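Here is the structure we will look at, set down as structure tokens.
Predicted model, so just to flag it, every value in this text is computed and none were measured.
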Amino acid sequence: ERFAHLLDKLRIPCPPWGTARSEEEAVAAARRIGYPVLVRPSYVLGGRAMQICYREETLRRYVREAFAVFPERPVLIDRFLEHAYEFDVDAVADGETVFIAGVLQHIEEAGIHSGDSTCVLPPYDITHAQLETLCDYTRRIARALSVIGPINIQYAMQQGTIYVLEANPRASRTMPFVAKATGIPLIELAVRAMVGEKLSTASLPEFRLDIRRVAVKESVFPFTKFPQARVFPGPEMRSTGEVMGIDSSFGRALIKAHIAAGNRVPHNGGRVFISLADYDKVPQAVEIARGYLELGFELWATSGTAAFFQRQGLPVTPVRKHYEGRPSIIDYITDGKVDILINTPLGENARYDEHIMGRTAMRYRIPFLTTLAAAAASLRGLAEFRHGDPYVKPLQEYYAE
């Protein structure tokens, strides 16, 4: 409530929200806001007890669980922004100057905890005007909170509108990544600001979109060690580490990150399975599918997606979903017959399918992509790797450029 009132004062948008101290208050808030909603207790780290709810029945169950975990704290109910992209902005403030160190765009759609998501620096699908809006909002929030030191703010962009999701006036898990990707000693800057030095005394480069390198953060999960654990990422963080892929292009950096995270990356063709939300049955998806065919991949898809591709003249094999009978896509993954999974979820059933497929893909270390942008980047990376092995050079050479 306090943060939302601050955003109102600053005229910075956030998703529609409400707070609840009982199950009935939560239900009333969700009806007012409209489903789907994101449910989370106040003041938690790692997305503890957070859930996306599409129906009242699910909301009641998770609210009861949230109050059981944190009985003294109100629960936040806010609108879950479907088909939105998330951004992390890391900055350092001294009470006057706010230095924007890095802006990262998540590859997965909104709904995956930032600690579990794959992030790209600089952002890959944003205009200069939208970048300036992110930086402007960050500066205004940092000054309004009187931050001295580090701050991380998370945003979502839906249909061109940028919403604030949360602000963390502390060091974030992305700060070491940003420091390594840019060569800027962020933690040193933050500590100097906290002991009274002014950022204006340092010669700091302004963050730009045209950085001559791309760094990709990919998370590492422990599920081979914990086979009974709930596998697929969501609002609650589950990763135990992360890797970086860095190169001169988004595609090559993404493939390097896949390899570093332990995924099997098919260099010489194979089978790519695609399941698209209706929202994503667009010409870009056709070009991506055609690109995989040109690299020697067989195209497999769910019945609806297969029909869409067939209407565009593409050869595609329909495959059953896990609840449509056997053999299903899960059987084919388990048998080692699928090399890349592309699934763009929209709605409750689609996210359940995503959970089942994602869990199996992680177990068998198969690249699993949940947006068309990620699929296009992966395609570009695979195409570039056909011309030679990954190029490796010291970070200092990247910084010198």
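Going from atom CD1 of I333 over to atom OG of S328 covers 8.0 Å, rounded to the nearest 0.5 Å. If you take CZ on F87 and NE2 on H106, they are separated by 9.0 Å, rounding to the nearest 0.5 Å. The CD1 atom of I12 sits 4.0 Å away from atom CZ of R140, with the distance rounded to the nearest 0.5 Å.
Under a cut-off of 6.0 angstrom, the local environment of NZ in K281 is crowded, with over 12 non-hydrogen atoms contributed by other residues, nucleotides or ligands. Residue E57 places its CD atom among 12 or fewer non-hydrogen atoms of other residues, nucleotides or ligands, all under 6.0 Å distant. Taking a 6.0 Å sphere around CD of E397, one finds it holds more than 12 heavy atoms contributed by other residues, nucleotides or ligands.
The two residues A301 and A306 make their nearest non-hydrogen contact at CB-N, 3.7 Å. When all heavy atoms are compared, the tightest approach of Q130 to I162 is O-CD1, 3.6 Å. For I77 against A26, the heavy-atom pair with the smallest separation is CD1-CB, 4.0 Å. Closest non-hydrogen pair, L186 versus A101, comes out as CD2-CB, 3.1 Å. Listed here is the closest heavy atom pair of E1 and W17: CG-CZ3, 3.6 Å. Shown here for A144 and L6, the closest heavy-atom pair between the two residues is CB-CD1, 3.9 Å.
Side-chain contact between I126 and Y85 is absent, with no heavy atoms from C-beta onward closer than 4.5 Å. In this structure, the side chains of R320 and P327 come closer than 4.5 Å at one or more pairs of heavy atoms. Counting only heavy atoms from C-beta outward, the side chains of L121 and F207 approach each other to under 4.5 Å. I329 is listed as a side-chain neighbour of L341, based on a closest heavy-atom distance under 4.5 Å. Inter-residue side-chain proximity for H258 and L369 is flagged as met; some heavy-atom pair is nearer than 4.5 Å. Counting heavy atoms from C-beta on, the side chains of N263 and F368 never come closer than 4.5 Å. The side-chain heavy atoms of T305 and V316, taken from C-beta on, include no pair separated by under 4.5 Å. Under the 4.5 Å side-chain criterion, counting only non-hydrogen atoms from C-beta, P318 is not in contact with T302.
Taking the side chain to side chain contact (heavy atoms under 4.5 Å, CB included) definition, one finds that T334 meets it with I330, T360, Y364, sequence neighbours left out. The salt bridge (charged side-chain N to carboxylate O under 4.0 Å, His left out) test applied to D78 returns R40, not counting sequence neighbours. With sequence neighbours excluded, the residues satisfying ring-ring contact (aromatic ring centres under 6.0 Å, His included) with Y332 are W300. Residues passing the salt bridge (charged side-chain N to carboxylate O under 4.0 Å, His left out) test with R380: none are found, sequence neighbours excluded. Residues satisfying the side chain to side chain contact (heavy atoms under 4.5 Å, CB included) criterion with P13, sequence neighbours excluded, are Y137, Y163. When the side chain to side chain contact (heavy atoms under 4.5 Å, CB included) test is applied to P16, the partners found at least two apart in sequence or on another chain are I33, R79. Applying the ring-ring contact (aromatic ring centres under 6.0 Å, His included) criterion to F273, with sequence neighbours excluded, gives no partner residue. Residues that satisfy the ring-ring contact (aromatic ring centres under 6.0 Å, His included) test with Y155, not counting sequence neighbours, are absent from this structure. Partners of A289 under the side chain to side chain contact (heavy atoms under 4.5 Å, CB included) rule, at least two apart in sequence or in another chain, are I274, L299, F309, L314. Looking at residues two or more places apart in sequence or on another chain, you find a ring-ring contact (aromatic ring centres under 6.0 Å, His included) between F297 and Y292. Residues satisfying the salt bridge (charged side-chain N to carboxylate O under 4.0 Å, His left out) test with K393, not counting sequence neighbours, are E401.
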Take L7 and I141 through the side-chain contact (heavy atoms from CB on, under 4.5 Å) test and state the conclusion after the steps.
CA-CA 8 Å; L7 293 178; I141 291 170; 4.0 Å; yes

List the steps and the verdict of side-chain contact (heavy atoms from CB on, under 4.5 Å) for K256 and V216.
CA-CA 8 Å; K256 283 182 176 180; V216 175; over 6 Å; no

Go through the steps to decide whether V178 and D88 satisfy the test side-chain contact (heavy atoms from CB on, under 4.5 Å), and finish with yes or no.
CA-CA 10 Å; V178 171; D88 269 80; over 6 Å; no

What's the verdict on side-chain contact (heavy atoms from CB on, under 4.5 Å) for R213 and Y399, showing C-alpha distance, side-chain angles and the deciding distance?
CA-CA 9 Å; R213 60 185 173 276; Y399 301 157; 3.8 Å; yes

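Without hydrogens or angle criteria, E218 side chain to A260 main chain gives no donor-acceptor distance under 3.5 Å. Counting only distance, with no hydrogens or angles, the side chain of T97 and the backbone of D94 share no donor-acceptor pair below 3.5 Å. Checking side-chain atoms of R143 against main-chain N and O of G95 turns up no donor-acceptor pair under 3.5 Å. At distances below 3.5 Å, not a single donor-acceptor pair connects side-chain atoms of T118 with backbone N or O atoms of I107. With hydrogens and angles disregarded, a donor-acceptor distance shorter than 3.5 Å links the side chain of Q105 to the backbone of Y124. At least one donor-acceptor pair under 3.5 Å links the side chain of S249 to the backbone N or O of R252. Side-chain atoms of T344 come within 3.5 Å of backbone atoms of A277 as a donor-acceptor pair (strictly under, hydrogens ignored).
Salt-bridge formation is not detected for the pair R139/D136: no Lys NZ or Arg NE/NH1/NH2 atom is positioned less than 4.0 Å from an Asp or Glu carboxylate oxygen. Classification of E24 and R60 as a salt-bridged pair holds, one side-chain N sitting under 4.0 Å from a carboxylate O. A salt bridge is defined here as a Lys NZ or Arg NE, NH1 or NH2 lying under 4.0 Å from an Asp or Glu carboxylate O, and E188 with R192 meets this definition.
Applying the side-chain hydrogen bond (donor to acceptor under 3.5 Å, both in side chains) rule to pairs touching residues 27-36 yields R31-E56, sequence neighbours excluded.
Here the options are T138, N152, T182, the test is side-chain hydrogen bond (donor to acceptor under 3.5 Å, both in side chains), and the partner is D90; only N152 passes.
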